[in-house]
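Some notes on the structure that comes next.
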Amino acid sequence: MNILVIGGGGREHAIIQKLKEDSRTEKIYALPGSGGIAADAECHPVAATDIPAIVSFAEEHSIDLAVVAPDDPLVLGAADALREAGILCFGPQKNAAAIEGSKVFAKNLMKKYGIPTAAYETFDHMDKALSYVETCPLPTVVKADGLALGKGVLICETRDAAREAVKAMMQDRIFGASGARIVIEEFLTGPEVSVLSFTDGETLVPMVPSMDHKRALDGDKGLNTGGMGTIAPNPFYTAEVAQQCMETIFLPTIRAMKAEGRPFSGCLYFGLMLTPDGPKVIEYNCRFGDPETQVVLPLLESSLLEIMLAVSKGTLAETEVKFSEKSACCVILASKGYPQHYEKGYPITLPETGPGERIYIAGAALKDGHLVSNGGRVLGAAAVADSLPGAVKAAYALADRIHFENAFCRRDIGQKALAALGGEQ
Ligand code: AMP
Ligand code: GLY
């Protein structure tokens with residue numbers, strides 16, 4: 001089969017490497033891919049948001065399955081356009097991708113269908129938002145309605161900070177048009193869990209639960225980033241919590257989307273917080289998480305190609321989705337200064353990888369045949385092992401064999417999970 005993957009980050013690299021394991025995969029194209037992905041797929045310089053060019057490419061290259069991985073093309077309707085051109089596509093249609101594309105939509109959906117989430121108010125006018133923050137409970141959480149590269153959430157401890165956040169989003173438009181509407185919501189506490197799921201709109205199968213580490217520095221200090229590392233499975237997510245989530249969150253969400261005339265097909269990502277009052281939804285994403293995918297897919301024992309075909313055709317109920325009992329850890333190597341200012345163009349030296357080790361390239365380009373850094377998050381060093389402590393140790397051992405100038409990583413990925421496992425360390 002000829003497969004087309006849209007996107008070019010570490011997540012897409014992990015998807016491509018997994019799809020290659022199926023013997024039916026003949027050729028994989030990536031738009032735009034990256035210098036690192038070029039080792040596993042044929043990359044072409046077409047932007048992930050250039051929908052007409054993506055559709056033409058798919059038609060010209062006899063694509064049997066297109067996988068739209070990033071949020072922006074999904075929110076812009078890439079999956080709809082591919083399907084209209086008769087191409088089988090993994091990824092939600094535009095009106096279902098709104099579950100990530102608009103936080104106001106997602107919050108209203110949860111309220112309407114009784115899905116547990118933080119209490120909230122939405123605002124179109126800055127004056128009303130400013131008067132609300134004069135009396136709301138603190139801390140409070142201010143969120144831009146639209147996509148903001150995962151940065152559109154500001155947690156405010158004081159009224160001053162909340163006023164600043166509202167003005168920054170609605171007046172200064174620091175997140176552009178995404179701040180035209182905002183959500184102000186209750187601050188929740190508890191361990192966070194990312195649950196990615198496969199769903200064809202009727203059947204939903206959760207993947208192994210994972211934990212992201214969003215802050216740039218050790219001890220959850222520093223700025224929010226796209227994600228500095230992940231582990232799976234997440235030990236806070238017990239079988240009992242899993243059942244509760246299935247009954248109160250996962251199935252109600254796909255039923256709600258169907259009832260709204262927005263059936264969701266693809267990977268639905270639940271960002272959850274396990275609060276003292278039970279699991280609640282922090283956010284939905286309409287796609288695989290990055291870098292969650294880099295720990296979840298290495299643990300998938302079934303064929304990703306088979307599952308993606310089943311999701312796209314609506315036959316997930318008849319398809320096996322099996323995960324291994326092992327654990328995985330992914331440590332992101334970033335360029336010094338990320339998520340703010342950082343330099344690009346440092347040559348990268350990659351080691352040979354052993355069993356259970358994988359390197360997922362996130363931001364790198366080929367220059368004169370050599371891989372050089374080309375983004376803030378440069379790559380992920382991932383490892384699978386029998387236990388979580390083993391996976392964490394192996395991922396760091398791999399990360400320490402990878403070199404580029406000004407590289408940095410968090411040294412505490414997985415520590416919270418290991419502490420939760422207590423005696424098993
Ligand atoms: P989001 O982009 O919605 O996932 O938010 C980014 C991060 O902000 C989350 O991973 C949480 O750590 C934090 N966050 C978002 N909403 C809340 C909330 N209501 N209470 C506490 N923390 C939150
Ligand atoms: N790792 C968080 C996300 O993909 O949104």
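Counting starts at 1 for both ligands and their atoms, in listed order. On a predicted model such as this, the values are computed, not experimentally measured, just so you know.
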Partner of Ile63 under side chain to side chain contact (heavy atoms under 4.5 Å, CB included), chosen from Ile87, Leu82, Leu88: Ile87
Qualifying residue for side chain to side chain contact (heavy atoms under 4.5 Å, CB included) with Phe250, from Leu272, Ile115, Leu268: Leu272
Phe198 and Phe90 aromatic ring geometry - parallel, tilted or perpendicular at 30°/60° bounds: perpendicular
Geometric class of the His44/Tyr29 ring pair [parallel <30°, tilted 30-60°, perpendicular >60°]: tilted
Distance-only donor-acceptor check, side chains Tyr284 and Thr253, under 3.5 Å: yes
Identify, by atom number and element, the atoms of ligand 2 in contact range of [X], meaning under 4.0 Å from any of its heavy atoms.
X      : answer
Arg287 : 3 (C), 4 (O), 5 (O)
Gly289 : 4 (O)
Glu292 : 1 (N), 2 (C), 4 (O)
Tyr269 : 2 (C), 3 (C)
Asn285 : 3 (C), 5 (O)
Gly226 : 1 (N)

Mode of Arg11 contact toward ligand 2 - side chain, backbone, both, neither (heavy atoms, under 4.0 Å): neither
Within reach of ligand 2, part of Phe288 (heavy-atom separation under 4.0 Å): neither
Min N/O separation Glu283 to ligand 2 under 3.5 Å: no
Polar contact flag for Asp212 and ligand 2 (N/O pairs, less than 3.5 Å): yes
Student check: side-chain heavy atoms of Met308 and Lys18 closer than 4.5 Å: no
Close side-chain approach of Arg215 and Arg410, heavy atoms under 4.5 Å: yes
Heavy-atom proximity to atom 18 (C) of ligand 1, best of Val141, Leu154, Asn285: Val141
Nearest-option assignment for atom 7 (C) of ligand 1, heavy atoms, candidates Glu100, Lys103, Lys214: Lys214
If you count the atoms of ligand 1 from 1 in the order shown, which ones are under 4.0 Å from a heavy atom of [X]?
X      : answer
Phe187 : 20 (N), 21 (C)
Val153 : 1 (P), 2 (O), 3 (O), 5 (O), 8 (O), 15 (C)
Glu185 : 16 (N), 17 (C), 18 (C), 19 (N)

Ligand 1-proximal atoms of Ile155, by part, heavy-atom distance under 4.0 Å: side chain
Proximity to ligand 1 by part of Lys143, non-hydrogen separation under 4.0 Å: side chain
Heavy atoms from other residues, nucleotides or ligands near CD of Glu325 exceed 12 (cutoff 6.0 Å): no
Shortest non-hydrogen separation from Leu398 to Ala382 and the atoms involved: CD2-O, 3.6 Å
Gly271 touching ligand 2 at heavy-atom level, < 4.0 angstrom: no
Thr353/Ile359 under side chain to side chain contact (heavy atoms under 4.5 Å, CB included): CA gap, chis, key distance, verdict: CA-CA 8 Å; Thr353 48; Ile359 297 171; 3.7 Å; yes
Test: Glu100 and Arg287 ion pair at under 4.0 Å: yes
